[in-house]
Each structure stands twice: as C-alpha cells, then as structure tokens.
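Structure first, then comments.
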Amino acid sequence: MFRTFAIAASLTAIALGAAQAETLEARIHSAAVKACAPEASTSAPASHYGAITQTCVYRISKTAMIDMQAKALEKTKSSTAGLSN
C-alpha cells in the first residue's frame with residue numbers, strides 16, 4: 001500500500017514539475033512578445049515585421065531561459081554546498 005502511494009506521489013511530483021516548466025516557458029514567451037511589440041512598429045517595410053518580431057521574441061526568450069537556468073543552478077549549488085563537507 002505504501003509503495004503504491006509513493007509511486008503515485010512521485011508521478012504527481014513529476015507532472016507538477018513539468019507543468020511548472022511549461023508555465024514558466026509560456027510566461028517568458030508572453031513577456032517577450034509584449035517587450036518586442038515596439039520593435040515591430042518601426043519604420044521597416046511591412047514584409048519585415050514578422051521576421052523582426054520573431055527574432056526579437058526568440059532572443060529575449062532564450063536569454064531569459066538561460067538566466068533562469070543559471071539562477072536555478074546557482075541556487076542548487078549553494079543549497080548543496082554544505083552537504084559535501
């Protein structure tokens with residue numbers, strides 16, 4: 001009985017972790033779209049708007065995800081630093 005409960009709890013934790021990652025990614029993408037809106041309204045030809053916006057969103061999203069991963073890694077290292085001694 002306990003084994004079944006432990007497995008169910010593990011699967012729930014994995015599912016929640018995946019949902020949080022998707023949510024974070026979606027929130028970062030939304031923020032990037034909003035941040036790039038002014039760039040799309042420059043005086044470039046209309047044919048360039050899509051490319052300008054896509055490049056901007058990609059650049060901001062990628063940078064934000066790298067920053068978040070670096071912070072998470074640093075947090076993990078600092079929280080486990082005392083355990084290795």
Next item on the list: Quick one: name the residues clustered hydrophobically with Val57, using the 4.5 Å side-chain heavy-atom rule over I, L, V, M, F, W, Y, and just say none if it's on its own.
Entry: Val33
Notebook entry, point to check: Testing Gln69, Lys71, Lys75, Lys77 for side-chain contact (heavy atoms from CB on, under 4.5 Å) with Leu73, which one passes?
Noted result: Lys77
Check: Thr63 pairs by side-chain contact (heavy atoms from CB on, under 4.5 Å) with which of Asp67, Ile66, Ile60?
Finding: Asp67
